[in-house]
Asker: 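The following block contains the structure, expressed as structure tokens.
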Amino acid sequence: MSDQDQSEKTEEPTPKKLSEARKKGQIATSKEVNSFAVLLGAALIIGIAGPFVALRVYSPLAGLVEKAGTMAVDQGSSGDILFEVFGSVIIAMAPVFVVFIVLALAASMGQSGILFTTEPISPKLDKISPIKGFGRLFAVRSLVEFLKGIAKMGVVGAVAVILVMPELDRLETIVQMDVRQLLEEIQTLLMRLLIGVTSIMAIIAVADYIYQKYEHTKQLKMSRQEIRDEHKQSEGDPHVKARLRQIRHERARQRMMAAVPQADVIVTNPTHFAVALKYDTAVMAAPTVVAKGVDNVAFRIREVAEEHNVPIVENPPLARALFGGVELDQQIPEEHYQAVAQIISYVYRLKGNRASA
């Protein structure tokens, strides 16, 4: 992407762009949050169940050492003993691994939610291209991640050294302790170390997550043209929508004009408004508006009515009221019953006179 193209991307990504990126697996995640979760799990395990787990691991190993001189060394016996010992160690460590896995999954889901997608692992040519790979290796983001890793190791290492250095003078006394005392001392030292490192990692994780969110949003930023194109795709091209509205309007007008010859009367303004009414006592509770229009449409309604000998009656107040207050194919409201009834009666009398003549 050219610098000019990147400079044009000044708008925040739309919800649609964010949703599409999420479907492709492009989400803001921080590996430091996962590292912090694992360290937190280690601190909890050591603080709550450290000695118990250590004894569960130590016991089978100590038994193996104590019986080393009396154990048979043939292939079958050695295999059984090793299998039993390592089985006991694995069983003792299983809860620890479960806690680590649960916390790592919780950290990942806390950042991205539940997401299932195969897009990141789908085969693509640019993933195996040496040129693309070389470009990613020396990209600005890769350099930032490298420097961030160096800085993190430096800070965490410095904190660990500061916390461990005062205990070096106690090495002579520590080695003379029995197993239980030694485990308690190791637990205390590890807890102090983990609390310090975890505290630093918490700060690093928060800072890195904010940075990852910023970079993610920056990568997904859009130009104004992209937003307009997305709007067209979502809402439809305004020109196409206008054309569709015009077509629907023309078809509705044609259907309306086709209903004028079957009307009983046309109420006019006399020139600006025209409303066609039909009243079939067998199926209608009240007269119904079957066509209406203003100016050119009103003129066309009158033309069609004259061609088909539909009576035209001038009543400006009623024409305006019916045009503004009654929709097509809707019966007239009660407040217009009397005025319309007079017109309908007049039309029926007029038709009767014509028939008798």
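This is a predicted model, so every value here is computed, not measured.
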Asker: Looking at residues at least two apart in the chain, or sitting in another chain, which of them share a side chain to side chain donor-acceptor pair (under 3.5 Å) with Thr14?
Answerer: Glu230

Asker: In Å, rounded to the nearest 0.5 Å, how long is the span from CD1 of Ile344 to OH of Tyr337?
Answerer: 12.5 Å

Asker: Can you find a heavy atom in the side chain of Ile227 that is under 4.5 Å from one in the side chain of Met222?
Answerer: yes

Asker: Counting C-beta onward and ignoring hydrogens, is there a side-chain heavy-atom pair between Leu318 and Val340 closer than 4.5 Å?
Answerer: yes

Asker: Is there any side chain to side chain donor-acceptor pair (under 3.5 Å) pair reaching into residues 317-329, and which pairs are they, with sequence neighbours excluded?
Answerer: Asn269-Arg320

Asker: Less than 4.5 Å apart, any side-chain heavy atom of Ser35 and any of Met201?
Answerer: yes

Asker: If you look only at pairs with a residue in residues 292-306, which of them pass as a side chain to side chain donor-acceptor pair (under 3.5 Å), with sequence neighbours excluded?
Answerer: His272-Asp295, Arg300-Glu303

Asker: I would like to know whether Lys221 and Glu11 meet salt bridge (Lys or Arg N to Asp or Glu O under 4.0 Å); could you show each step before the answer?
Answerer: CA-CA 6 Å; Lys221 277 192 173 183; Glu11 307 301 316; over 6 Å; no

Asker: Do the side chains of Leu277 and Asp264 get nearer than 4.5 Å, heavy atoms only?
Answerer: no

Asker: Show every salt bridge (charged side-chain N to carboxylate O under 4.0 Å, His left out) that has at least one partner inside residues 29-39, sequence neighbours left out.
Answerer: Glu32-Lys152

Asker: Among residues at least two apart in sequence or on other chains, which ones pass side chain to side chain donor-acceptor pair (under 3.5 Å) with Ser30?
Answerer: Asp208

Asker: Contact between Thr288 and Tyr279 at the side-chain level, heavy atoms closer than 4.5 Å - yes or no?
Answerer: no

Asker: Sorted by first residue and then second, give each side chain to side chain donor-acceptor pair (under 3.5 Å) pair with at least one member in residues 248-259; sequence neighbours left out.
Answerer: Gln246-Glu250

Asker: Do the side chains of Ile343 and Asn315 get nearer than 4.5 Å, heavy atoms only?
Answerer: yes

Asker: Taking the side chain as every heavy atom from C-beta outward, state whether Pro311 and Ile266 have any atom pair closer than 4.5 Å.
Answerer: no

Asker: Would you indicate whether Tyr209, at its atom OH, is surrounded by more than 12 heavy atoms from other residues, nucleotides or ligands within a distance under 6.0 Å?
Answerer: yes

Asker: If only atom types and distance count, is the side chain of Ser19 paired as donor or acceptor with the main-chain N or O of Pro15 below 3.5 Å?
Answerer: no

